[in-house]
Amino acid sequence: SDEEHAKESRNLVAGNDLRRVQRSPSTKVSLLVCCFLGCVILTVLKGSGHGSIVGVTCGSLSFWLLTWATLPWVLGFGMIFRDILINEHLENEE
């Protein structure tokens, strides 16, 4: 039906049924920890004023790529959590 199609089209993470995730708080926590650790790893690789462990120079192309890589990383997790919350809301309406 059109209503089911509308519900499915609200999922930004294509092809993933995230309904099973909503029942597992540990999965949500794991996703948040993964997002945080990814940000920490990108920051450590970039260096934080005391030089980089992989030799990235402040202001170089590598430095800026690592800096801007945080944005799609966090936005990707934002899309996943958006889908989880929408699915939880839709199931609560039913």
Side-chain angles (χ1 to χ4, degrees):
S1 77
D2 288 337
E3 185 177 316
E4 283 186 30
H5 179 64
K7 287 179 184 179
E8 290 177 16
S9 67
R10 291 181 184 145
N11 288 338
L12 291 177
V13 183
N16 288 334
D17 182 14
L18 296 173
R19 290 174 187 249
R20 68 181 181 279
V21 174
Q22 69 190 6
R23 292 185 182 89
S24 174
S26 63
T27 302
K28 292 179 191 176
V29 171
S30 298
L31 285 169
L32 280 174
V33 168
C34 184
C35 182
F36 174 74
L37 288 177
C39 290
V40 169
I41 289 169
L42 289 169
T43 301
V44 169
L45 289 174
K46 175 180 68 169
S48 58
H50 302 291
S52 167
I53 62 171
V54 292
V56 174
T57 306
C58 182
S60 67
L61 177 63
S62 300
F63 174 86
W64 289 112
L65 287 175
L66 287 169
T67 299
W68 287 101
T70 305
L71 188 61
W73 179 259
V74 172
L75 288 176
F77 279 95
M79 289 172 41
I80 291 170
F81 279 103
R82 175 195 176 275
D83 287 349
I84 291 171
L85 290 171
I86 287 174
N87 283 330
E88 285 179 359
H89 177 73
L90 291 175
E91 279 198 356
N92 287 336
E93 283 183 344
E94 294 174 357

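FYI, the numbering just counts along the sequence from 1. The figures that follow rest on heavy atoms only: side chains count, while hydrogens, waters and symmetry mates do not. Being a predicted model, the structure only gives us computed values, none of them experimental.
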Shared hydrophobic cluster for [X] and [Y] (ILVMFWY, side-chain gaps under 4.5 Å):
X	Y	value
Ile41	Trp64	yes
Leu85	Leu31	no
Trp68	Leu65	no
Val40	Ile53	yes

Run through His89, Glu88, Arg82 and flag the one making a side-chain contact (heavy atoms from CB on, under 4.5 Å) with Ile86.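 Testing each of His89, Glu88, Arg82 against Ile86, the sole residue satisfying side-chain contact (heavy atoms from CB on, under 4.5 Å) is Arg82.
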Which heavy-atom pair separates Cys34 from Trp73 by the least distance, and what is that distance?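 Taking Cys34 first and Trp73 second, the nearest heavy atoms are O-CZ2, 3.6 Å.
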Closest non-hydrogen atom pair, Thr67 against Lys46: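 Scanning both residues completely, I find the closest heavy atoms to be OG1-CD, 3.0 Å.
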Evaluate the side-chain proximity of Ser52 to Phe63: yes if any heavy-atom separation is below 4.5 Å, no if none is.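 Sidechains of Ser52 and Phe63: no contact.
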Is any side-chain heavy atom of Ser62 closer than 4.5 Å to a side-chain heavy atom of Thr57?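 No, every pair of side-chain atoms sits at 4.5 Å or beyond.
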Nearest-0.5 Å distance that lies between atom CG in Leu42 and atom CG in Leu71: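 Going from the CG atom of Leu42 to the CG atom of Leu71 covers 11.5 Å.
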Rounded to the nearest 0.5 Å, how far does OG1 of Thr70 lie from CG of Leu75?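 Rounded to the nearest 0.5 Å, the CG-OG1 separation comes out at 10.5 Å.
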Under the criterion side chain to side chain contact (heavy atoms under 4.5 Å, CB included), I'd like the reasoning laid out for Leu45 against Val56: C-alpha separation, chi angles, the key distance, then a yes or no. CA-CA 7 Å; Leu45 289 174; Val56 174; 5.9 Å; no
